[in-house]
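One structure is given here, and the rest of the page talks about it.
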Amino acid sequence: MRPLILALILPLATLALGACGEQANKGGGDGATDGADGGDDADGTDGTDGEETWRPAGTGIGFLIDGAEANSLFHLEINNPAQPRTGQAYYGWLSGGAGAPVALGEIPVNDATLLVFEGEIGFNGLLEGYDTFTAYMGAGPDADTTGELAWTGQIDPTLRDAYEQLLIADAATPEGAGSLRTVKDTTEAILAYTDETIASVSDVAQINARGEAIANTIRGLEEDLDDDGTSGQIEGYMPIIGDDGLILLILEDLDTASASVGPGHPVKDLANWAYDCTQRIEGFATYAANRAGIATVCAAESSCDEVLFEASENLEWALSGNDVNGDSSIDPIEEGTIDCAVYYVSQMAYMEIATP
């Protein structure tokens, strides 16, 4: 079982919420004190003349991270949210794509200091252009037509240059997909091929040939490692390491992302963290290629499987990171790899959430 990436308070949330906390405290509140801070008094009024004047409060961020699909899980954090009226709740929607707005369902306020919510939409929202969040307070799921607007936010279109080549489209990849998405798909494909070899192939000559294909695909080479007169690769994939490999392409795209914003912008920190995660991929991929290379000359199925298992293990680490300190979780900054880089780059497409 892969250890889970730590996901308590995301780094971007720490940066963005810290920046907007002062503003939130000016216009936000606990929703149960005085009407000047948003929400209502405990008696449902604004604390002045007894008139009910509920107002929304709170600011924060929202973004799409990987869930059931790539960038299909909407993550929302609101600092100092106002409690909704008694008998009502907040309901959220994502919109902006070619399709209809997607309902996120009820957004509960379980903490007066920080609201954290996640909602699965079932498809790649970034790829489909869903860039706007709205939340309404109402008595039911039709709050968008019967309730009151509470929060709204949109991805800054100027940030698209930061994340597009990494997550959506890069002309340098075989299928034109984002470079990070491509290295993830490539590593998963090589890992599946390696595991299939361990589980299903018993003929040593075939294992030797498949080891050659694994090593050559990772490195982008055409070497006859098993000396059978031919060189094999897993067709259709760009190399992970080497001068023409995906690692260097991702690092170039991260440089582009960082250069697209000014000094002090949160995207620069996210690019730096993703850069560190990406650099760790190379070591695991290189070791996996070396192990697969040994499998091209092994003489017994058991010894072949042993080195291929090490290759598989390192490909897993290239994907999800390695729990170096043994605490059953992966620290994204210190131990993360591909999933960690995707996690940070996805946050570049963030929405600043505020009251209307």
Side-chain angles (χ1 to χ4, degrees), residues 2 165-166 169-254 277-322 337-339 341-342:
R2 296 178 184 172
Q165 287 185 299
L166 290 151
D170 188 323
T173 64
E175 301 295 328
S179 54
L180 261 178
R181 292 297 178 200
T182 300
V183 78
K184 183 177 176 71
D185 292 346
T186 299
T187 306
E188 288 176 342
I190 298 172
L191 174 60
Y193 186 90
T194 303
D195 288 346
E196 179 187 57
T197 303
I198 297 169
S200 305
V201 181
S202 57
D203 180 78
V204 171
Q206 290 185 40
I207 296 174
N208 295 159
R210 289 173 76 94
E212 176 182 277
I214 294 165
N216 280 341
T217 303
I218 293 173
R219 295 173 175 145
L221 302 177
E222 296 182 359
E223 295 183 348
D224 181 16
L225 298 174
D226 62 351
D227 291 326
D228 67 348
T230 62
S231 62
Q233 283 190 346
I234 306 171
E235 294 298 324
Y237 294 100
M238 189 172 175
I240 296 175
I241 58 178
D243 292 341
D244 297 319
L246 284 161
I247 299 300
L248 285 183
L249 180 60
I250 293 166
L251 295 178
E252 290 172 3
D253 288 346
L254 286 168
C277 297
T278 301
Q279 288 182 311
R280 281 191 288 271
I281 300 167
E282 185 170 11
F284 295 127
T286 299
Y287 193 81
N290 291 342
R291 297 291 92 185
I294 294 174
T296 66
V297 295
C298 56
E301 182 185 356
S302 59
S303 59
C304 291
D305 286 349
E306 182 177 345
V307 292
L308 285 179
F309 178 81
E310 292 183 76
S312 173
E313 186 175 51
N314 277 266
L315 289 169
E316 284 271 8
W317 292 338
L319 274 172
S320 303
N322 183 16
T337 46
I338 294 174
D339 287 346
V342 171

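Fair warning: this is a prediction, and the values are worked out from it, not measured in the lab.
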* To do: Quick one: which residue pairs count as a salt bridge (Lys or Arg N to Asp or Glu O under 4.0 Å) with a foot in residues 290-315, not counting sequence neighbours?
  => Arg291-Glu310
* Asked: For the residue pair Ala215 and Ala292, what are the closest heavy atoms and their distance?
  -> N-CB, 3.9 Å
* Asked: How many angstroms lie between CD in Glu316 and OG1 in Thr187, if you round to the nearest 0.5 Å?
  -> 11.0 Å
* Listed once per pair and sorted, the ring-ring contact (aromatic ring centres under 6.0 Å, His included) pairs that draw on residues 195-231, sequence neighbours left out -> none
* When rounded to the nearest 0.5 angstrom, what is the spacing between CD1 in Ile190 and OG1 in Thr217? -> 5.5 Å
* Structure fact -> Those residues at least two apart in sequence (or on a different chain) that pass side chain to side chain contact (heavy atoms under 4.5 Å, CB included) with Val204 are Asn208, Cys304
* side-chain contact (heavy atoms from CB on, under 4.5 Å) evaluation trace for Ile214 with Leu308 -> CA-CA 10 Å; Ile214 294 165; Leu308 285 179; 4.1 Å; yes
* Structure fact -> Distance col, row Thr186:OG1 vs Ile234:CD1, nearest 0.5 angstrom, shows 9.5 Å
* Among residues two or more places apart or on two chains, list those pairs meeting ring-ring contact (aromatic ring centres under 6.0 Å, His included) that have a residue in residues 277-307. => Phe284-Trp317
* What pairs meet the salt bridge (Lys or Arg N to Asp or Glu O under 4.0 Å) rule with one or both residues in residues 215-244, with sequence neighbours excluded? -> none
* Are Asp339 and Lys184 close enough for a salt bridge, meaning some N to O gap below 4.0 Å? -> yes
* Asked: Excluding sequence neighbours, so at least two apart, what forms side chain to side chain contact (heavy atoms under 4.5 Å, CB included) with Ala171?
  -> none
* To do: Report the distance from atom CG of Leu249 to atom CG of Leu166, rounding to the nearest 0.5 Å.
  => 8.5 Å
* Asked: Near Phe309 CZ, under 6.0 Å, is it more than 12 heavy atoms from other residues, nucleotides or ligands?
  -> no
* With Glu196 via salt bridge (Lys or Arg N to Asp or Glu O under 4.0 Å) - residues at least two apart -> Arg210
* Structure fact -> Heavy-atom nearest pair, Ala295 first then Gly211, reads CB-CA, 4.4 Å
* Any donor-acceptor N/O pair, Thr197 side chain to Val201 backbone, under 3.5 Å -> no
* Sequence-distant partners of Ser312, side chain to side chain donor-acceptor pair (under 3.5 Å), two or more places apart -> Asp195
* To do: Please tell me if the side chains of Gln279 and Leu251 come closer than 4.5 Å, counting only heavy atoms from C-beta onward.
  => yes
* **Derivation of the side-chain contact (heavy atoms from CB on, under 4.5 Å) call for Val183 and Ile250** => CA-CA 9 Å; Val183 78; Ile250 293 166; 3.5 Å; yes
* Structure fact -> Residue pairs meeting disulfide bond (SG atoms under 2.5 Å apart), one or both in residues 173-245, sequence neighbours left out, come to none
* To do: Sequence neighbours left out, what passes side chain to side chain contact (heavy atoms under 4.5 Å, CB included) with Ala285? Give chain and number order.
  => Ile218, Ile240, Ile241
* To do: Report yes or no: does Glu212 contribute a side-chain atom to a donor-acceptor pair with the main-chain N or O of Leu225 at less than 3.5 Å?
  => yes
* CG of Leu315 to CG of Leu191: how many Å apart, nearest 0.5 Å? -> 5.5 Å
* **Min side-chain heavy-atom separation Val342-Arg181 under 4.5 Å** => yes
* What distance separates Leu246 CG from Met238 CE, expressed to the nearest 0.5 Å? -> 4.5 Å
* Structure fact -> Applying side chain to side chain donor-acceptor pair (under 3.5 Å) to Asp253 and not counting sequence neighbours gives Ser179
* Pairs touching residues 278-287 that satisfy salt bridge (Lys or Arg N to Asp or Glu O under 4.0 Å), sequence neighbours left out -> none
* Examine distances only and state if a side-chain atom of Thr296 and a backbone atom of Gly293 form a donor-acceptor pair shorter than 3.5 Å. => yes
